[in-house]
Amino acid sequence: MSIGETLASERKRAGLTLTQVSLQTRIRESVIRAMEQDDFSTCGGNFYARGHIRSVARVIGVDPEPLVREYDDAHGGAPMPLSAAAAFEPEQAVAFRERRSPNWSAAMALALAFVVIYGVVQVVGSGDREQRTARQVSDPQRPGASAPAASPTPGATSPKADDPVAIAPRKKVEVRIKVRRATWVNIRGAKGRQLFSGMLRPGDVKEWTDRKKISVVIGNSGGVRLAVNGEDLGTPARGGGVFRMTFTPDDPDPA
């Protein structure tokens, strides 16, 4: 069978409609329908066509690699790997400004001047303080004399070391999913950045982090346990179904 015939037959065998596959892969129904008819022109190019084949194959439960190889054979072969030298070589030469050696002589002269000024200020200031202290000791009633240390007031209590302090706000959001029954999961970070999209099997434990927010879509919400920012939220919906939620560093709200 061709690629499109394989995708169509395996989808029907899995009991999934085009709408269900579209919701789980985020690929338009019209594109999936064209793929099942071996028309990949609506995918937007070979790169996206390979990605669509992999996404649809994972959702319907088949190995995507043989289908991708068949697609490459029919469309000019797999893309050539890019060497590290070519990947990191700049298109234009970058001009660097020559660094001048520091002027150590000027720096040392400036530091010496600061030391001299600081020493003069300390000497003058200490002489004035000594004169005031002598007057205060000889005449305790003289204005400016230091008052005797006050005895602690009976009943006054000092702050305890174990007094509660403000809890520092979190700087990122953390989401953890533990899978009990197979389900499709889509995870996106801030600005729609894709963190994960695909099937999770029983026993899988996955974690994702982002500085601002994480959006979660779970196809079989009754088959997972969800933890956010270290707090176990349990099963999102025991009856199953699709679960959608967005979490931030402040979630879940403190009791």
Side-chain angles (χ1 to χ4, degrees), residues 20-28 44-45 47-48 50-52 54-59 64 81-92 94-97 99 102 157-255:
Q20 291 173 325
V21 175
S22 176
L23 288 174
Q24 296 189 33
T25 60
R26 297 299 179 89
I27 302 173
R28 295 194 306 272
F47 176 82
Y48 294 102
R50 296 185 186 94
H52 290 352
R54 287 190 173 94
S55 298
V56 173
R58 292 192 184 101
V59 169
L82 184 64
S83 65
F88 291 98
E89 181 179 1
E91 296 182 358
Q92 297 181 354
V94 180
F96 293 93
R97 297 180 60 183
R99 296 183 59 183
T157 58
S158 59
K160 296 182 180 180
D162 57 352
D163 285 346
V165 297
I167 300 176
R170 298 188 186 94
K171 296 183 179 180
K172 61 182 180 179
V173 56
E174 302 176 354
V175 172
R176 180 175 184 267
I177 293 180
K178 183 176 182 181
V179 184
R180 295 183 300 178
R181 294 194 297 272
T183 181
W184 174 85
V185 175
N186 183 69
I187 308 294
R188 291 183 180 271
K191 298 182 180 180
R193 180 169 60 95
Q194 185 75 63
L195 301 180
F196 178 82
S197 179
M199 294 292 295
L200 294 181
R201 305 300 179 186
D204 288 349
V205 178
K206 297 290 185 179
E207 295 182 0
W208 301 274
T209 61
D210 192 90
R211 295 183 61 183
K212 294 184 178 180
K213 68 177 182 178
I214 292 182
S215 299
V216 178
V217 180
I218 304 174
N220 182 10
S221 57
V224 302
R225 288 191 69 86
L226 181 65
V228 177
N229 294 327
E231 183 169 340
D232 186 5
L233 302 183
T235 301
R238 298 188 180 278
V242 178
F243 171 81
R244 293 181 174 87
M245 184 62 68
T246 298
F247 300 102
T248 67
D250 297 330
D251 291 321
D253 293 334

I want to check something: taking the side chain as every heavy atom from C-beta on, are S22 and I27 in contact at a cut-off of under 4.5 Å? no

As an exercise, state the distance from CG of D204 to NZ of K178, rounded to the nearest 0.5 Å. 11.5 Å

Working note: R26 + V217, criterion side chain to side chain contact (heavy atoms under 4.5 Å, CB included); need CA distance, chi angles, decisive distance, verdict. CA-CA 11 Å; R26 297 299 179 89; V217 180; 3.4 Å; yes

For a 4.5 angstrom cut-off between non-hydrogen side-chain atoms, does I218 reach V224? yes

Donor-acceptor under 3.5 Å (R181 side chain, G222 main chain): yes

Using a strict 4.0 Å threshold on nitrogen-to-oxygen distance, state whether E174 and R176 make a salt bridge. no

Tell me whether N220 contacts the main-chain N or O of V185 through its side chain, where contact means a donor paired with an acceptor under 3.5 Å. no

Where I214 and W208 come nearest, the two heavy atoms and their spacing: CD1-O, 3.6 Å

Side chains of Q194 and N186: donor-acceptor distance under 3.5 Å anywhere? yes

Measuring only between side-chain heavy atoms, which start at C-beta, is I177 closer than 4.5 Å to F196? no

Check P249 against K212 and note the closest heavy-atom contact, atom names and distance. CD-O, 3.0 Å

R58 side, atom CZ; T25 side, atom OG1 - distance, nearest 0.5 Å: 11.5 Å

Is any side-chain heavy atom of R193 closer than 4.5 Å to a side-chain heavy atom of D210? yes

How long is the span from the CD atom in Q24 to the OG atom in S55, to the nearest 0.5 Å? 11.0 Å

Roughly how far, to the nearest 0.5 Å, is the CG atom of N229 from the CG atom of D250? 8.5 Å

Close side-chain approach of D251 and V173, heavy atoms under 4.5 Å: no

For residues T235 and R180, determine if any side-chain heavy atom of one lies less than 4.5 Å from a side-chain heavy atom of the other. yes

State which residues pass side-chain contact (heavy atoms from CB on, under 4.5 Å) with R28; sequence neighbours excluded, sorted by chain then number. S30, V31

What are the two closest heavy atoms between A57 and P64, and how far apart are they? CB-CB, 3.6 Å

d(L226 CG, M245 CE) to nearest 0.5 Å is 9.5 Å

